[in-house]
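One structure is given here, and the rest of the page talks about it.
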Amino acid sequence: MATGEAEVARVTAGAVADGEDPRLMSLRAAVERLWADLSGYQAPLADREVAERELTGLLGLLDAGVPEDAPLSTALLRIAAAAGSVSALAPAVSQLREAVELFGVPRHRVLPHVRHGAS
């Protein structure tokens, strides 16, 4: 089991015991972890503000209850684009993706590159 999956399972188990929606608890834990990792990452990151804005937006969605798929997908896409290629942040981004998937947001498959016009 990967570190992110273990964290999601731990938070989910605790949330069930507390009577709270385990998906919300997992998503909040993932957002907080990525926020902390992003804050600790001191190297320049061109789209840091985008990632921070989306994380703030996710926290707002959580405060309003169970979020809809579209805002979750959009936030995850923007965060992955902003921070997903940074190896130091990759485990936290992965945990966030796993937590978003708990809401039924499907993992999109990346199709292999197809060369057009080649014989």
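Along the sequence shown, residues carry numbers from 1.
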Measuring from atom [atom1] of [X] to atom [atom2] of [Y], what distance do you get when rounded to the nearest 0.5 angstrom?
| X | Y | atom1 | atom2 | answer |
| --- | --- | --- | --- | --- |
| Glu32 | Leu96 | CD | CG | 12.0 Å |
| Arg33 | Leu55 | CZ | CG | 13.0 Å |
| Met25 | Leu62 | CE | CG | 10.0 Å |
| Asp37 | Gln95 | CG | CD | 9.0 Å |
| Phe103 | Ser73 | CZ | OG | 11.5 Å |
| Glu101 | Leu76 | CD | CG | 8.0 Å |

Which atom of [X] lies closest to which atom of [Y], heavy atoms considered:
| X | Y | value |
| --- | --- | --- |
| Leu27 | Pro67 | CD2-CG, 4.4 Å |
| Ala30 | Ala99 | CB-CB, 4.0 Å |
| Arg23 | Leu102 | CD-O, 3.2 Å |
| Ala88 | Pro91 | O-CD, 4.0 Å |
| Leu34 | Val93 | CD1-CG2, 3.9 Å |

- Query: Can a salt bridge be assigned to the pair Arg28 and Asp63 using a cut-off of 4.0 Å between side-chain N and carboxylate O?
  - Reply: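 Looking at Arg28 and Asp63, the cut-off is met.
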- Message: Whether the side chain of Thr74 engages the backbone of Ala70 through a donor-acceptor N/O pair (distance < 3.5 Å, no angle test) should be reported.
- Response: yes
Side-chain atoms of residues 40-49: list all donor-acceptor pairs with protein atoms under 3.5 Å, sequence neighbours left out, distances to 0.1 Å.
unit_1	atom_1	unit_2	atom_2	d
Gln42	NE2	Ser39	O	2.7
Arg48	NH1	Leu38	O	2.8
Arg48	NH1	Tyr41	O	3.2
Arg48	NH2	Tyr41	O	2.6
Arg48	NH2	Ala43	O	2.9

- Item | Close side-chain approach of Leu58 and Trp35, heavy atoms under 4.5 Å |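 No, their side chains stay 4.5 Å or more apart.
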- So do the side chains of Leu61 and Val66 get within less than 4.5 Å of each other, counting heavy atoms only?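 A side-chain contact is absent here, since even the closest heavy-atom pair is not under 4.5 Å.
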